[in-house]
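What follows is a set of notes on a single structure, which appears directly below.
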Amino acid sequence: MKPAPIRRGTLREPGPDLARLPMAPDFTGINVIEGLRAALAFGSIILLHTWLAWPPLLTMALAANLTCFCDIGGSIRPRLRALLAFAGLGGLFWGAFGVMEGYGPALVLPVALAVIFCCTFARVWGVPAQTVGNVLVVVLCLALDRALSLHQGVVVAAMFWAGGLWAAFLALVVWRLHPYRPAHAAIGDVWRGLSRLARDLRRLAGEPQETGPAIWEAHARGHRRAVRDAIEAARTLVLDLARSRARLSERNARALIRLEAAEQLFGTMIALSDYLERATPAQRAEAARLLRLLPPALKVLSRAIRRDRPVDLARVERALARARPGPGADPALRRMAERILDRVRIGAKLSGPEDLAGGGGLAGSPAPPWRETVLQPLRANLTWSSANLRHAVRATVVALPALAVTAWWPGPFTHWLTITVVLTMQPFYAATWQRALERVGGTVLGGLIGAVLAFYATSPPVLAAMMVPLSVLGFAARGVSYGTFIACLTPLVVVLVELVEPGHSSWEIVGMRALFTVLGGAVAVLAGLLLWPLWEPARVRDALRTALETHAHYADAVVAERLGEAQSAAAEAAARAAGLASNNLEAALSRALQEPRRRGHSRIEAAMVADATLRRMAGRLAILRHEPEPAGAEAATWRAWRDWLSRALAATAAGERLPPKPEQAESTAFGRIAAQIELLAGTLKRAGIGPREAGSST
């Protein structure tokens, strides 16, 4: 019986096939509450407009809708800053550009291009700033639809501010979502990823005749990358939540401990994976009980953390007792199993009824200074080697002809061209290609649905009432995937245009939106291909060099920990850095494999071999962390191998000859790592990756 294929990658869980675009939907991202809140913010004003028939209310409704786009969740203070910044700038942009539109393209186009550059460059300050910048581009394009008098511009700006403040008030005060829920969901995703990793380990260990090296490499690439990404996403949310409060609550403290326990469990499971790959059938049989009970226990904990509900501690403890290997099991397996079960026990106890009551407080961590959060990213990206700077310049240049079309061919549909071009374009070609496919496919599918719905709507009140459930559907699907979000949002756009611009048939609206979306997507892809691209093979070499350096530091930290020369926290930090470096290398490899120009194809293949080898090395180092502490002559052997590993990995990164192995210092564990380094050095040498190329970034 052949083993089941490893689950293909999704937006939240990268798969083992780096050449596959991560476009599969993740339906766990459905958020009905967010959809209901957005529908209330938007739909209430639309229904008010059907009663009062006052056109400025449509601007207020649209502002409320766009403000909901800018709310990506998280702690209150960052969300408040983002929503207020968008509401203030959005009203200013719409009113000012509407007034400037009356003075002709000679004034409007230069100012609009400067604003587009700033909005697209805002991604250097993180996802919230990137989201606000993208939606402000939409506001700018809508503002250029028609010229306004000074009085009209003031009214539009005021109504936009009112709509934005209404949506922010509803999101942050009236219908305030649980501030800890995003962090709970993110940590629950980590434990769910660990459950999937354990389930796949059980599958691989149960069929030893099918589990060759390629299968284990695919397992490591898919699951380790997914769990590491989930850990980093959760860490960001938890720390942001901690910094947003004067004191760290007990809930937030427990979230940090859960995350730390999950990360330590992850490191031990990497060691277990490497152990099982080389284990005998008898050793795998000893691990079968642990692997059978571990996935469901982790899944139960994941659900409890996501829902903030208690677990049955007695039941979990009984399951952990049954999962413990017997006294005759391999000592290495018993050590790893004890550490795994101990970390699961910590996660379970933190989800007990007495730990969900809250209360108390610990001193919160201070927010980083504004110079670090604002000026440092700006300075780091003000160089032509920055993908973000090239992206902003590229988007500005391509927006010029799109805006010219809007100026010379005015109408209610042409702004879709500029919006599609700017929002589809991404800093990397592979991401632009993926975004274009998702946007075009989602627009066509959603447009057909919207046209059918609008065709059967017979009056403006029916259209207005229809927008409420469509808004719920669109925003609820926001976290599923970009393509699904566009497919669910497009019917809302079609119905809104038919309500605001009567006289156009629904099929005309769909046809024009599809036309401009396809055209804008094609322009964005071509621009990413022709205008100052940063091809990935060079960036792969940079990522590979970083991965080699971080794994050398990881090896040094592990040996220092086992010799008692350093704390375990240093080894944990080094393991995290090595895992992140491997993830960054795989991300660069994935983009390189999706590019049309396969420059340096042999070097990309060599980097893929290096990635797999480093994953294996990390597994061996994880096992070393569970070996008995060396003493006497054995400690001297470990020190000799530590020195050799540092010099060997440095020589590999520089393309130099490997140093001779330690004499009279035989070690099975270090010998396997040495064999992996020798394989890595030979592969990179044959591919011609030398020190000068490793340092190249353009």
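For this chain, numbers begin at 1 and follow the sequence in order. Values reported hereafter were calculated over all heavy atoms of this structure, with side chains retained and with hydrogens, waters and symmetry mates removed.
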Working for side-chain contact (heavy atoms from CB on, under 4.5 Å), residues Met269 and His223: CA-CA 11 Å; Met269 291 180 70; His223 290 285; over 6 Å; no

message: I need the Leu378 CG to Asn388 CG distance, nearest 0.5 Å.
response: 11.0 Å

message: Using modelled atom types and a 3.5 Å cut-off, is there a donor and acceptor pairing between side-chain atoms of Asp611 and backbone atoms of Ala607?
response: no

query: Side-chain contact, heavy-atom cut-off 4.5 Å: Leu194 with Leu294?
result: no

Side chain Ser590, main chain Glu586, donor-acceptor under 3.5 Å: no

- prompt: Partners of Asn583 by side chain to side chain donor-acceptor pair (under 3.5 Å), sequence neighbours excluded?
  reply: Asp229, Arg615

query: Which atom names give the shortest non-hydrogen contact between Ala323 and Leu341, and what distance separates them?
result: CB-CD2, 4.1 Å

- request: Would you check if the side chain of Arg306 reaches a backbone N or O of Ala185 as a donor-acceptor pair within less than 3.5 Å?
  value: yes

field: Exercise: identify the closest heavy-atom pair between Pro295 and Leu291
entry: CD-O, 2.9 Å

statement: Shortest non-hydrogen pair, Leu389 vs Thr383, comes out as CD2-O, 3.4 Å

- prompt: If you round to the nearest 0.5 Å, how far is CZ of Arg199 from CG of Leu204?
  reply: 12.0 Å

- request: Could you go through the side-chain contact (heavy atoms from CB on, under 4.5 Å) check for Phe670 and Val559 one step at a time?
  value: CA-CA 11 Å; Phe670 286 107; Val559 176; 4.0 Å; yes

Contacts of type side-chain contact (heavy atoms from CB on, under 4.5 Å), residue Ala648, not counting sequence neighbours: Trp644, Leu658, Pro659, Ile677

- request: State, yes or no, whether a side-chain contact exists between Glu277 and Arg616 at a heavy-atom distance under 4.5 Å.
  value: yes

- prompt: Rounded to the nearest 0.5 Å, what separation is found between the CG atom of Leu624 and the CD atom of Glu561?
  reply: 10.5 Å

task: Provide the closest heavy-atom pair for Ile623 versus Tyr275 in the form atom of the first, atom of the second, distance.
output: CD1-N, 3.6 Å

query: Do Tyr429 and Arg591 come within less than 4.5 Å of each other through their side chains, counting heavy atoms only?
result: no

query: Any salt bridge between Glu678 and Lys661, counting N to O under 4.0 Å?
result: yes

Short side-chain to backbone donor-acceptor contact, Thr550 and Ala581, under 3.5 Å: no

query: Do Ile346 and Ile257 have side-chain heavy atoms sitting under 4.5 Å apart?
result: yes

query: Quick one: are His391 and Ser386 in side-chain contact, heavy atoms under 4.5 Å?
result: no

For Ala431, all residues meeting side-chain contact (heavy atoms from CB on, under 4.5 Å), sequence neighbours excluded: Gln426

task: Find out whether Arg379 and Leu375 are in side-chain contact, i.e. whether some heavy atom of one side chain is under 4.5 Å from a heavy atom of the other.
output: yes

task: Taking all non-hydrogen atoms of both residues into account, name the closest pair between Arg192 and Ser302 and its distance.
output: CB-OG, 3.3 Å

field: Counterpart residues, side chain to side chain donor-acceptor pair (under 3.5 Å), relative to Arg303 (two or more places apart)
entry: none

- request: Please name all residues satisfying side-chain contact (heavy atoms from CB on, under 4.5 Å) with Ala234, sequence neighbours left out, ordered by chain then number.
  value: Ala186, Ile187, Val190, Leu259

- line: By side chain to side chain donor-acceptor pair (under 3.5 Å), Arg345 pairs with (sequence neighbours left out) Glu317

- prompt: Can you list every side-chain hydrogen bond (donor to acceptor under 3.5 Å, both in side chains) pair that touches residues 263-274, not counting sequence neighbours?
  reply: Arg228-Glu263, Arg235-Glu263, Glu260-Gln264, Gln264-Arg343, Thr268-Arg339, Asp274-Arg278, Asp274-Arg620

- request: Locate the shortest heavy-atom distance separating Ala610 from Leu680; write the atom from each residue and the value.
  value: CB-CD1, 3.1 Å

query: Of all residues at least two apart in sequence or in a different chain, which pass the salt bridge (Lys or Arg N to Asp or Glu O under 4.0 Å) check with Arg289?
result: none

- request: Begin from the C-alpha positions of Leu201 and Trp216 and carry the test side-chain contact (heavy atoms from CB on, under 4.5 Å) through to its verdict.
  value: CA-CA 9 Å; Leu201 275 181; Trp216 286 98; 3.6 Å; yes

query: By side-chain contact (heavy atoms from CB on, under 4.5 Å), which residues pair with Ile270, not counting sequence neighbours?
result: Arg224, Phe266, Ala622

Whether Trp125 side chain and Val374 backbone form a donor-acceptor pair below 3.5 Å: yes

Return all side-chain donor-acceptor pairs below 3.5 angstrom for residues 564-574, not counting sequence neighbours, or 'none' if the list is empty.
from: Glu565; atom 1: OE1; to: Arg642; atom 2: NH1; distance (Å): 2.9
from: Glu565; atom 1: OE2; to: Arg639; atom 2: NE; distance (Å): 3.2
from: Glu565; atom 1: OE2; to: Arg639; atom 2: NH2; distance (Å): 3.3
from: Glu572; atom 1: OE2; to: Arg625; atom 2: NH1; distance (Å): 3.3
from: Glu572; atom 1: OE2; to: Arg625; atom 2: NH2; distance (Å): 3.3

task: Give a yes or no on whether the backbone of Glu338 and the side-chain of Asp342 come within a donor-acceptor separation of less than 3.5 Å.
output: no

query: Is there a side-chain contact between Leu197 and His219 (heavy atoms, below 4.5 Å)?
result: yes

field: Those residues that, when tested against Thr131, pass side chain to side chain donor-acceptor pair (under 3.5 Å) (two or more places apart)
entry: none

task: Please list all pairs passing the salt bridge (charged side-chain N to carboxylate O under 4.0 Å, His left out) test where one or both residues lie in residues 646-655, with sequence neighbours left out.
output: none

Derivation and outcome, side-chain contact (heavy atoms from CB on, under 4.5 Å), residues Ile673 and His551: CA-CA 11 Å; Ile673 297 177; His551 279 77; over 6 Å; no

message: When you compare the side chain of Leu298 with that of Leu265, does any pair of heavy atoms fall below 4.5 Å?
response: yes

- prompt: Which value, rounded to the nearest 0.5 Å, describes the distance between Leu645 atom CG and Trp638 atom CH2?
  reply: 11.0 Å

message: I need the Leu333 CG to Glu286 CD distance, nearest 0.5 Å.
response: 6.5 Å

task: Using a strict 4.0 Å threshold on nitrogen-to-oxygen distance, state whether Glu232 and Arg576 make a salt bridge.
output: yes

- prompt: Between CG of Leu649 and CG of Leu548, what distance do you get to the nearest 0.5 Å?
  reply: 6.5 Å

